[in-house]
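Here's the structure, in structure tokens; my notes come after.
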Amino acid sequence: MTAPVLQGATATRYVPDAVTIILGLCLLTVLVSVLAEAIGASVTLPDGTAVAAESLLSAHNLERILVDMPDTFSSFAPLGMVLVVMLGAGLAEKVGLFDAALSGALHRLPRRALIPMTVVIGICAHVTVDASYFVFIPLAGVAFRAAGRSAFTGVCAAFAGVSGGYGANILVTPTDAVLYGLSEEAARALDPSIQIDLLANYYLLLAYAVIVTFIVTVVTERLVEPRFRPEDDEHHEPEFRLEPQLARRGLRWSGAAALLVLVLVLVLTVPGGAPLRAESGDLAPFYEALIALITVFFLATGLAYGVATGRLRNDTDLMELLRASMRDVAPFLVLVFFAAHFAAFLRWSNLAVIAATSGADFLRSSNISGIPLVLGFTFISGLLNLLMASASGKWALMAPTIVPMLMSAGLSPELVTAAYRIGDSATNIITPTSLLPVVLIYAQKYRPDIGLGAFIRIMLPYSVAMFVAGLLLLVTWLALGLPLGPSGAEPYLTSTSGALPIL
């Protein structure tokens, strides 16, 4: 639990722990579900299915809460991902590989380049989907510490780049395939011949990536870094001090291990009929295996570094460091128990479905068009993200209604998807139902007195700036009628003037 924040020897105020806040959200969801069922809250889905609010205190839901409690906890998607990744990444950290590798690399990197490079790598890390949260963000803290800057600041900058920039694009990622696939299926309700390729919005979202990089750099340098001095961080010095020559030997061994893992991945992925290539030739199995591959990479490089430097002398040393890695995950396990139930409560009560569908119904009845319609939809996407953090899960609910509706108003499905992604990603970094509490655990490693509310306030300038900049980018793109991507997708369907009407 987080202790009271102190100034000198006097406690000024109590900062609730992240778990306490999520527990409060669980209780609030229970209360809202009871009230929603009492007033008969319901919506009708595009396929005609009626969905009504269900009280979490009903006999059926009470039984489900109690009977399914172990499954609710163990089936929470990030849980297995974190445990598997941390098994490898924790070993690499404990033997000192991360410190050695990042310290050497950062000596050659100009000081002003550290923050923008962190953001760019964070955006590119989306190719690993949510694994970027559990691998890259902690590494950013280590990188900033190695550069003589606040590790806490590094965690904030990396989180803003990874999470706030989730709608930006530099590389094509598995998330692109999921979201565009949902949009294409929804758009075919009006145009059965429509096809949406993975680069449909590449120009627009690449421009957004540039904007996100600029915003995170400026906010970090002007607002965050001045508040958090590196000497005030909790220090976690490497347990195993090495001579430079021995460290270089370890890096050579770990580099060789990394090369071997890369060759293994290529053998498993590239040839026709390879285990990580589907029969159709696509790389879906490879993407699904990324978590395991990342773990193998960290285990191999960490093991090589540890053996080369003498940190790992026998299997006892190895097992002790692996167990220590799992002990570091203990705070996350406590948090996940309550976060998993909060997500389940939203599903079981149907409140998430009702909120998403009601947002679509509001847009349908608003009688606005053009740029105001796009901005209104982007705004609603950002608000809904505060309730339901899963970008693909939320879009699966919204796309069948939103895409045909906005197509009927003259907007292309590609533009609708881009607007959704910008609105959705900008509020990721202040959404308690997202992976924010997980990142908070990384941040508290360096600043134990930072609670969830304080962390959200620190991240709020990033979110507001990204959201406003995203809206301005959309307005500019629409006003100029620019193509959205290299395939020539246009932002509008019905206008022939080269731009959507402003009103």
Any idea which heavy atoms bring [X] and [Y] closest together, and the distance?
{"X": "Phe144", "Y": "Ala157", "result": "CZ-CB, 4.5 Å"}
{"X": "Gly250", "Y": "Ala308", "result": "CA-CB, 3.8 Å"}
{"X": "Gly161", "Y": "Val216", "result": "N-CG2, 4.4 Å"}
{"X": "Val403", "Y": "Pro413", "result": "CG1-CB, 3.9 Å"}
{"X": "Leu204", "Y": "Ala418", "result": "CD2-CB, 3.5 Å"}

Do [X] and [Y] have a side chain donor and acceptor closer than 3.5 Å?
{"X": "Trp395", "Y": "Ser183", "result": "yes"}
{"X": "Tyr420", "Y": "Thr378", "result": "no"}
{"X": "Asn201", "Y": "Tyr180", "result": "yes"}

Between [X] (side chain) and [Y] (backbone), is there a donor-acceptor pair under 3.5 Å?
{"X": "Thr427", "Y": "Gly382", "answer": "yes"}
{"X": "Arg149", "Y": "Arg111", "answer": "yes"}
{"X": "Tyr202", "Y": "Ile170", "answer": "yes"}
{"X": "Ser463", "Y": "Leu460", "answer": "no"}
{"X": "Trp477", "Y": "Pro483", "answer": "yes"}
{"X": "Arg277", "Y": "Thr269", "answer": "yes"}
{"X": "Gln444", "Y": "Ile450", "answer": "yes"}

Original post:
Under a 4.0 Å N-O cut-off, is there an ion pair linking Arg421 with Asp424?
Top reply: no

Subject >> Residues Asp233 and Arg145 bridged, charged N to O under 4.0 Å >> reply: no

Original post:
Given Tyr446 and Ser150, is the side chain to side chain donor-acceptor pair (under 3.5 Å) satisfied, shown in steps?
Top reply: CA-CA 9 Å; Tyr446 306 106; Ser150 168; over 6 Å; no

**OP:** Report yes if the distance between the aromatic ring centroids of Tyr305 and Trp253 is under 6.0 Å, otherwise no.
**Re:** no

Original post:
Is the number of heavy atoms from other residues, nucleotides or ligands under 6.0 Å of Phe379 CZ greater than 12?
Top reply: no

Original post:
How would you list all residue pairs meeting salt bridge (Lys or Arg N to Asp or Glu O under 4.0 Å) that involve residues 207-222, not counting sequence neighbours?
Top reply: Arg112-Glu221

**OP:** Applying side-chain contact (heavy atoms from CB on, under 4.5 Å) between Ile422 and each of Val212, Leu205, Leu471, Thr417, report the one that passes.
**Re:** Leu205

**OP:** Sort out for me which residue in Ile115, Ile123, Thr118 forms a side-chain contact (heavy atoms from CB on, under 4.5 Å) with Thr213.
**Re:** Ile123

Indicate every side-chain donor-acceptor pair of residues 330-343 with a distance under 3.5 Å to a residue at least two apart or in another chain.
unit_1, atom_1, unit_2, atom_2, d
His341, ND1, Phe337, O, 2.7

Per-pair distances, 0.1 Å, donor-acceptor, side chain in residues 255-262, under 3.5 Å, sequence neighbours excluded:
none

Subject >> Inter-residue atom distance Leu318.CG - Lys94.NZ, 0.5 Å rounding >> reply: 13.5 Å

Original post:
What distance do Leu346 atom CG and Thr29 atom OG1 have between them, rounded to the nearest 0.5 Å?
Top reply: 5.0 Å

**OP:** List the steps and the verdict of side chain to side chain donor-acceptor pair (under 3.5 Å) for Tyr462 and Thr220.
**Re:** CA-CA 9 Å; Tyr462 292 109; Thr220 303; 2.6 Å; yes

